[in-house]
Amino acid sequence: MSHPLFDLSGRTALVTGSSRGLGHAIAEGLAQAGARLVLNGTDTERLALSAAALRAKGHQVEEAAFDVTDEAAVCAAFARLDAAGIEVDILVNNAGIQLRKPLVELSMAEWDKVLSTNLTSAFLVGREAAKRMIARGRGGKVINIGSLTSEAARATVAPYTAAKGGIKMLTRAMAAEWAEHGIQANAIGPGYMATEMNTALLDNPAFDAWVKGRTPARRWGRPDELAGTAIWLASQASEYVNGQIIYVDGGMLAVL
Ligand code: GCO
């Protein structure tokens, strides 16, 4: 029997970047707990496939294709949700990209792209969602997706590291301003997960061995292993948890 504290029936969850990878898995977990989904991505074909796969499992799914880095597009998307009577109670700021390159070779444009996709997007989508949550007076949930790089750096991923460090502090800033409105803003910090974004790392035998050696669990994480934490942070069960980043990393950050 499911516990009522974790029941998301009657709630609507917008998950950015949910046509694949961690976003899709988190969305599926929230739907299994009862939430209606609003999936987001920029590739409308992939988004439609992701939505169809979840509908086939009996979940209620809307599609909202918009670019999370484009302020006008974000505002227009929320206006369309308003017009359709769709109220976002749970926002998961998951959209993210990676770019692996030594710092001294990075262009300004590359830096800006990673920062805007991985950090500024959470501010933009978070602002639009929270404005509405505050106006409705029913509170809400914001879950930002951090990373191990919210805490520790790794060579060749500097803009990603800076953005994910920013996500940790943006989460706290959101909690500082929105907690009094009944909104909980927390983050999930996934460890090394077997996703499409990490294909190059998974396919590199030395990196694969490093991850397995460095992680107490001795393996990569599976995207669906984020679902439990996402459901908890999206539910009434976490009503007094605010500004935290929860690492789901097989123990990696806990050890040297
Ligand atoms: C990397 C990876 C990161 C990590 C993740 C760890 O290049 O280090 O692509 O995305 O997998 O963020 O938390």
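Counting convention: from 1, in listed order, for ligands and their atoms alike. Values below: every heavy atom of this structure, side chains too, minus hydrogens, waters and symmetry copies.
Counting non-hydrogen atoms of other residues, nucleotides and ligands closer than 6.0 Å to CD of Glu177 gives a total of 12 or fewer. Within 6.0 Å of NZ in Lys113 there are 12 or fewer heavy atoms belonging to other residues, nucleotides or ligands.
Here is the list of ligand 1 atoms found below 4.0 Å of a heavy atom in Val157: 7 (O). In summary, the atoms of ligand 1 found under 4.0 Å from a heavy atom of Ser147, numbered by their order in the structure, are 5 (C), 6 (C), 12 (O), 13 (O). Those atoms of ligand 1 with a heavy atom of Leu201 less than 4.0 angstrom away are 1 (C), 2 (C), 7 (O), 9 (O). Near Met197, meaning under 4.0 Å from any of its heavy atoms, are these atoms of ligand 1: 10 (O).
In Arg100, the part holding a heavy atom less than 4.0 Å from any atom of ligand 1 is the side chain. Neither the backbone nor the side chain of Thr156 comes within 4.0 Å of ligand 1, counting heavy atoms alone.
The OG1 atom of Thr120 lies 6.0 Å from the CG atom of Leu115; values are rounded to the nearest 0.5 Å. The CG atom of Asn93 sits 11.5 Å away from atom CD1 of Ile188, with the distance rounded to the nearest 0.5 Å.
Remark: among candidates Tyr247, Tyr160, Trp220, the nearest residue to atom 10 (O) of ligand 1 is Tyr160, based on non-hydrogen atoms.
Closest protein heavy atom to atom 11 (O) of ligand 1: Asn198 ND2, 3.0 Å. Of all protein heavy atoms, the one lying nearest to atom 4 (C) of ligand 1 is Tyr192 CE2, 3.5 Å. Annotation: atom 3 (C) of ligand 1 to nearest protein heavy atom, Gln98 NE2, 3.7 Å. Among protein heavy atoms, atom 13 (O) of ligand 1 sits closest to Pro190 O, 2.6 Å.
Some N or O of Leu148 is nearer than 3.5 Å to an N or O of ligand 1, by distance alone. In terms of N/O distances under 3.5 Å, ligand 1 is approached by Arg154.
In this structure, Val114 and Glu110 have side chains that are not in contact, with every pair of non-hydrogen atoms separated by 4.5 Å or more. Contact check for Ile86 versus Arg36: side-chain heavy atoms found under the 4.5 Å cut-off. Looking at Glu62 and Leu81, their side chains never come closer than 4.5 Å, going by heavy atoms from C-beta outward.
Across every non-hydrogen atom of Lys164 and Asn118, the tightest pair is CE-ND2, 4.4 Å.
The aromatic rings of Trp220 and Phe207 are tilted relative to each other, their planes meeting at an angle between 30° and 60°.
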